[in-house]
Enquirer: 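Structure below; questions to follow.
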Amino acid sequence: MSKKTALVNLVTPFVTLAICGGVISGAAFIPAKKIYDASQVIFSADTEHKAMSEIKFTEKEVESQLDDGSKIVYPSFGKEYATLKIKSIDLEAPVFFGSTPDLLHEGVCQYIGSKVIGEKGHVVLDAHCNTFFLDLDKVKEGDEVILTTSYGEFKYKAKEITYFKDSDNTLIAPSDEDKLTMYTCYGNLLGPTEDRLAVICEPTDKKFKS
Amino acid sequence: MDITKKYVPCLILSVLLVFSLIGFTATFTMNFFVLSGGSYISASDDNDVPRKAHDEIEKYFTHSHDYSGIPADVYMSALPVDTVKEIIDGKVYNVITNYIKNSDPQFNSLSDYDYAPLKKSITDYFNDFAKKNNVKVDSEYKAQLQNTIDTAISEIESFTDVYMFKEMSKTSLLKKAQDIYPDLTPATYALGAFSLLLILIIMAVCLKRAGLGCYWTGVAAMCASVIMLLPTLWIKLSGFTDRLIVSNESIYSAITGFISKMLMRLMIFECGLFAFGLFMMLIYAVSSAKRRKKAAASVNDDDDDDDSDNDNPVFQAAETTKDSSTDTKAAEDDNTTVSAEEE
């Protein structure tokens, strides 16, 4: 076989490949771009899947100073940062910053949109009615509630016991008024319920460590 | 011999064959894999998806006990792994077979499982609770019981929708699949037949030199396989699909498992096509070698009595495989496309 023949035989597949590749690239450019853009969203995890369940929330806390010079520590999400005590119902439970099914299984959770304990404003805590807030409906007006953190101890007094539907967010909305709201689901039957019980407390004492 | 006389037509036919083979592969894969319920069920089983979904359901009901007061055992005693698999398979059947293939007008991502054991288990627990706590069995009680059953079934259906058919139905993807499916099978067979037809035409064009027909067919098969193999290999080897942004273990395993299975099947098909192309090239190479040998032998026969063969330019030309008048004549007689130089 002459060199010319061999060369033609060798080049022809690449010529064919180039022609077909060129046509496909040209015709499929726009749909391919749409698919590529979508895939960049759907397949965009930058962490290995196996490691996703091991992701730990950042432990970084931020120390801050309030207007009156008191120091508080903003907790990281998922951190156990306080203890809740209500002597009248013999309750002592850990308080976690953030509210997820896993955290609610472990203790009382703070609604992340509310103020950090010690700040002026509305602090909102919730827990399940069959676990840590089992006896919340037994709290009476005037009962003492104590929240203890690493930066201070904060006392409240139960002011109001009320009921609302889970679709009604007014009782847990942010507020400039200094108060604590603890709520849980409420009902005398089994199964999920739309009814909620809330205990609204007013502050009586704040003791910062620094 | 005019080299372009056969080369350009064969090149055009070869390019058409490439597109036809790519189209056939795509429609075949869509028809017999992507739109086959068995593929989804097989991928689910291979990746232990029913057990993973079962564990997620159990975790959910364990947490729900915190607010519902109903222990997880009440639900899970009626929901073994086999039942979870049955529910998952039922969904696949309803969406792929009923909705897409059978053009069912109503989309239904729910399974047809009747949940009778689950309903009984919840009802029995409610009744025991009512007896122990002197709860009145009134309309409110019955409404709460029904609400609990409905909520449990809804959550189970959600956890077992491992291929996210419900989410897909919110896009136009499933509807488009339903619309194109009736044309998919005829298209698959048509493209397959067209590919065979093109091969026959190439062979007919290269009739006097069958090996050359194999060459062009081989070129087309190899080009088609390379065009499809490169992106498939890249997706598989780069682990692109492992970056699926779903943390839910059962859904992640189901979807990535299905994609992985599909890529593997495509790669096997494409490697087979490449091997076919290589085989055709081999036939061409063997037939070419035989022809050259035959041509050389015929030159030898002509010069049997000539003792000075080494000095015979024709013989030398044949020996050295350079162009010669005899070789050219032989090649022209065979009417080859890439012919003259091959001698």
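No hydrogens, no waters, no symmetry mates; every other heavy atom, side chains included, goes into these values. What you see is a predicted model; the values in this text were computed from it and never measured.
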Enquirer: Within the structure provided, determine whether A:Ile19 and B:Val18 are in side-chain contact (heavy-atom separation under 4.5 Å).
Expert: no
Enquirer: Step by step, would you call B:Ile22 with A:Ile24 a side chain to side chain contact (heavy atoms under 4.5 Å, CB included)?
Expert: CA-CA 10 Å; B:Ile22 291 174; A:Ile24 289 171; 3.6 Å; yes
Enquirer: What are the two closest heavy atoms between A:Thr16 and B:Ser14, and how far apart are they?
Expert: CG2-OG, 4.1 Å
Enquirer: Which region of B:Val15, side chain (C-beta onward) or backbone (N, CA, C, O), has a non-hydrogen atom less than 4.5 Å from a non-hydrogen atom of chain A, or is it both or neither?
Expert: both
Enquirer: Given 3.5 Å as the limit, does a donor-acceptor pair link the side chain of B:Gln144 with the main chain of A:Thr193, or not?
Expert: no
Enquirer: Are more than 12 heavy atoms from other residues, nucleotides or ligands located less than 6.0 Å from atom NZ of A:Lys85?
Expert: no
Enquirer: Quick check on B:Ile259 against chain A: is it the side chain, the backbone, both or neither that has a heavy atom closer than 4.5 Å?
Expert: side chain
Enquirer: Above 12 or not: heavy atoms from other molecules or residues under 6.0 Å from CZ of A:Phe14?
Expert: no
Enquirer: Within the distance-only criterion (no hydrogens, no angle test), does the side chain of B:Tyr67 pair as donor or acceptor with the backbone N or O of A:Gly191 below 3.5 angstrom?
Expert: no
Enquirer: Using heavy-atom distances under 4.5 Å, tell me whether A:Cys129 contacts chain B through its side chain, its backbone, both, or neither.
Expert: both
Enquirer: Using the rule given for side chain to side chain contact (heavy atoms under 4.5 Å, CB included), can you reason through B:Phe240 versus A:Ser39, listing the C-alpha separation, both sets of side-chain angles and the distance that settles it, and then say yes or no?
Expert: CA-CA 9 Å; B:Phe240 181 75; A:Ser39 69; 3.7 Å; yes
Enquirer: Looking at OG1 of A:Thr100 and NE2 of B:His63, how far apart are the two atoms once the value is rounded to the nearest 0.5 Å?
Expert: 8.0 Å
Enquirer: Is there a side-chain contact between B:Ile245 and A:Phe43 in this structure, where contact means two heavy atoms from C-beta onward sitting under 4.5 Å apart?
Expert: no
Enquirer: Using a 4.5 Å cut-off on heavy atoms from C-beta on, say whether the side chain of B:Tyr215 contacts that of A:Pro13.
Expert: yes
Enquirer: Considering non-hydrogen atoms only, spot the tightest contact between A:Gly21 and B:Ile227 and give its length.
Expert: N-CD1, 4.2 Å
Enquirer: Could you tell me whether A:Asp90 atom CG has more than 12 heavy atoms of other residues or ligands within 6.0 Å of it?
Expert: no
Enquirer: For B:Lys52, does the NZ atom sit with more than 12 other heavy atoms under 6.0 Å from it, leaving out its own atoms?
Expert: yes
Enquirer: Would you mind checking which part of B:Thr151 comes under 4.5 Å of any heavy atom in chain A, side chain (CB onward), backbone (N, CA, C, O), both or neither?
Expert: side chain
Enquirer: State, with a plain yes or no, whether a side-chain heavy atom of A:Pro101 is found less than 4.5 Å away from one of B:Tyr60.
Expert: no
Enquirer: Above 12 or not: heavy atoms from other molecules or residues under 6.0 Å from NZ of A:Lys157?
Expert: no
Enquirer: Would one find more than 12 heavy atoms of other residues, nucleotides or ligands at under 6.0 Å from atom CG of A:Asp176?
Expert: no
Enquirer: Is it true that atom NZ of A:Lys120 has more than 12 heavy atoms of other residues, nucleotides or ligands lying nearer than 6.0 Å?
Expert: yes
Enquirer: Apply side chain to side chain contact (heavy atoms under 4.5 Å, CB included) to B:Asp66 and list each qualifying residue two or more places apart in sequence or on a separate chain.
Expert: A:His105, A:His128, A:Thr131
Enquirer: Report the residues that fulfil salt bridge (Lys or Arg N to Asp or Glu O under 4.0 Å) with A:Glu80, sequence neighbours left out, ordered by chain and then residue number.
Expert: none
Enquirer: Does CD belonging to B:Glu140 count more than 12 external heavy atoms closer than 6.0 Å?
Expert: no
Enquirer: Do A:Leu190 and B:Ser68 make a side-chain contact, defined as non-hydrogen atoms from C-beta onward lying under 4.5 Å apart?
Expert: no
Enquirer: Counting heavy-atom pairs under 4.5 Å with chain B, which one of A:Asp102, A:Thr184, A:Val23 comes out on top?
Expert: A:Asp102
